Amino acid sequence: MRQRASWIVPGLALALAFGVAAHGCRRRAPAGQQVADAAASSSSAPEPPAPSANVTFRVSDASGRSIPCKLTWIGRDGTPTPDLGFGRPTRSVEGGLAAHHRVFSLTGQGAISVPSGSYDLFVSRGPEWSLHQQALSVRPEPQTLNVTLTRLITREGWVSADAHVHADPSWDSKVPLAARVHEFASEGVDVLIATDHNVVTDYRPEIERAGAKGLLETVLGSELSTTDWGHFGAFPLKHEQDWWVLHGVRMTGTPADQLLRAVRRHGPTALVTVNHPRLGKLGYFNVGGFEPKSARFAHAHVSFDFDAVEVMNGAKHGSLEAVDQVMGDWFGLLTDGRRITAMGNSDTHELLTSYAGYPRNYVRLTDPTVDGERLAAALREGAAFFSSGPFVEATIGDKSLGEVARAVEKKVTLSVKIRAAAWVSVARLRAYVNGRVAKELPIAPSNETERFAGEITLDTPDDAFVVVRVDGDRPLPPVVGGPPAETLFPVAITNPIYVDADGDGKWKARKK
Ligand SMILES: [Zn+2]
């Protein structure tokens, strides 16, 4: 059935440009209304009681200050992995919020109820911190856990951001906004970019309510989700109920070129991303028939008016094969002279098998105040890399990601530094020139934070783009992947440093 949504505000050309079909999905209220509803439901719905708390935790940094953290409980020796929500998808606990077998704490201090049994407990605060892991026997009697985590990777000038995040305002997610705030803050992600399907969600009231100001920033955006042309991310967007007329309803019959034009008109500063470009019929590159060799689409009504491509999409769809394929598409675009940014996001829809901030983007921002427009601008410049674990710095001389370096006698010297927490495996470094592997180096296993620091000489007879990719050979521990989720491997991919070889001060694509 095809119908116009009844709440379309008169006089909005955009409304008329979109064919809006309900497709039997939940009819959603306008975005502002949803934010209010989510808040009301999280505070007023009565919670059936959980057994009284028997495990008290206190998680601190090396200075003794308690810190946000995530506790992951996995059953062992015949004990099942627990449901710490005791029948509810999420439950408020002292010092945080429990969901499935995890607790997200903003304060690092609290108390929870854990069924008696044997467990592997993991305490984590994201990939820049050490991981505490211990076998633990839990009984009804109270016990106290004191855990210290150490920050291993400092990163002045880099902001971490996950630019693909779903929660309750999306038709395919039931996660309350409060749970997302707890999850992202405990994972050490600096910026949560809201991208619910065809809705602009504003997390600011929820961040304030949770007491997470100073821990987590947010940027308002949306995932423009069509049934027939794939999904596109856009941020920052204004939280104007009047113009965003789609209100979470699936879009059908809106060609990509028309959709992207409309987004540019309404959010001129927004970064526009092609999300999961090869995910079946939800992938724009599949639907449009994109061919990386020619860097052309086979079909009509396509557009190249996007800024970034999601090269890695979450734990569910972020297999290495999928990353390789989209990386090939991205190299095709760059080879054709299009400066498109590579991104990696979690595309998290629930709290069990998708993980906030894995992977996440690290964006170079010298000014510490995060704002959506500056974040979008830096990403558009390619001043970023994404990672599910390792922290990778790559420079040529004084030029960093997204900048143009000068070749000297048709060569450049690439400096690479790789840091990773001991629980993140790093096994291989590859340097690509114009989309081809130019140097590949094995990296020995190590518990040191610094895994590699060195220089690599690359031949650049012509203008070129240089990309660094780092891979681990062991999957991430159950704080990130493992049953029941897909296994997630450590991967980091930088945006290019562009090379000017002919001395005109610019990077140009090679002639085909
Ligand atoms: Zn999507």
Side-chain angles (χ1 to χ4, degrees), residues 122 124-131 149-163 187-190 310-315 318-320 322-324 326-327 341-346 355-364 382-395 400-401 414-432 437 439-456 466-482 487-497:
F122 300 84
S124 60
R125 168 128 182 77
E128 297 141 32
W129 289 73
S130 64
L131 171 69
L149 298 181
T150 312
R151 185 184 256 289
L152 301 169
I153 296 168
T154 51
R155 48 173 176 86
E156 281 81 44
W158 294 89
V159 167
S160 62
D162 189 338
E187 269 296 348
V189 177
D190 298 332
E310 193 176 62
V311 171
M312 186 169 182
N313 174 269
S319 73
L320 296 179
V323 171
D324 288 345
V326 184
M327 201 176 175
T341 298
M343 292 178 72
N345 303 305
S346 71
Y355 300 105
Y358 295 93
R360 65 194 67 183
N361 303 281
Y362 288 99
V363 187
R364 204 177 60 239
F385 65 97
F386 73 82
S387 177
S388 60
F391 193 88
V392 179
E393 288 159 284
T395 50
S400 181
L401 311 181
L414 172 71
S415 301
V416 179
K417 183 169 155 188
I418 305 169
R419 288 178 289 163
W423 55 278
V424 174
S425 113
V426 172
R428 187 173 57 182
L429 157 65
R430 280 177 286 186
Y432 295 79
V437 179
K439 284 274 160 68
E440 178 163 344
L441 297 172
I443 305 212
S446 165
N447 285 332
E448 298 293 319
T449 300
E450 187 170 292
R451 305 298 177 87
F452 179 87
E455 297 192 330
I456 299 168
V466 173
V467 165
V468 174
R469 172 170 172 167
V470 172
D471 283 86
D473 60 358
R474 275 184 292 116
L476 291 161
V479 283
V480 185
T487 305
L488 191 66
F489 279 83
V491 183
I493 297 177
T494 73
N495 274 288
I497 303 171

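None of the values given here were measured: they were computed from a predicted structure.
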Please examine the side chains of [Y] and [X], heavy atoms only from C-beta on, and report whether any two atoms are closer than 4.5 Å.
X: Pro442; Y: Arg428; answer: no
X: Arg469; Y: Val323; answer: yes
X: Phe391; Y: Pro127; answer: no
X: Asn361; Y: Asp162; answer: no
X: Met327; Y: Ile493; answer: yes
X: Asn313; Y: Val326; answer: no
X: Phe385; Y: Val468; answer: no
X: Phe122; Y: Trp423; answer: no

Enter the distance from [X]:[atom1] to [Y]:[atom2] here, rounded to the nearest 0.5 Å.
X: Leu401; Y: Asn495; atom1: CG; atom2: CG; answer: 6.5 Å
X: Thr150; Y: Leu131; atom1: OG1; atom2: CG; answer: 11.0 Å
X: Ser160; Y: Arg155; atom1: OG; atom2: CZ; answer: 4.0 Å
X: Leu429; Y: Ile443; atom1: CG; atom2: CD1; answer: 5.0 Å
X: Ser130; Y: Asn447; atom1: OG; atom2: CG; answer: 12.0 Å
X: Tyr358; Y: Leu488; atom1: OH; atom2: CG; answer: 9.5 Å

Row check, Tyr362 ring normal vs Arg364 NZ/CZ: under 6.0 Å, within 45°: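 No - Arg364 does not lie over the ring of Tyr362 by the 6.0 Å and 45° rule.
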
To check you understand the geometry: which heavy-atom pair defines the closest contact between [X] and [Y], and what is its length?
X: Leu149; Y: Trp129; value: O-CZ3, 3.7 Å
X: Val159; Y: Asp190; value: CA-OD2, 3.5 Å
X: Ile497; Y: Ala394; value: CD1-O, 3.6 Å
X: Leu414; Y: Ala431; value: CD2-CB, 3.9 Å
X: Pro490; Y: Val424; value: CB-CG1, 3.8 Å
X: Gly357; Y: Arg360; value: O-NE, 2.8 Å

Contact list for residues 384-394, test side chain to side chain donor-acceptor pair (under 3.5 Å), sequence neighbours left out: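 Passing the test, one end in residues 384-394: Glu393-Arg419.
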
Arg430/Asp471 salt bridge by N-O under 4.0 Å criterion: yes

Partner residues of Arg474 under the side chain to side chain donor-acceptor pair (under 3.5 Å) criterion, sequence neighbours left out: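 If we apply the side chain to side chain donor-acceptor pair (under 3.5 Å) test to Arg474, skipping adjacent residues, there are no hits.
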
Pair Glu187, Tyr355: side-chain N/O donor-acceptor within cut-off below 3.5 Å: no

Donor-acceptor under 3.5 Å (Ser425 side chain, Asp473 main chain):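 Side chain of Ser425 to backbone of Asp473: a pair is present.
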
Worked check of side-chain contact (heavy atoms from CB on, under 4.5 Å) between Leu441 and Phe452: CA-CA 10 Å; Leu441 297 172; Phe452 179 87; 3.8 Å; yes

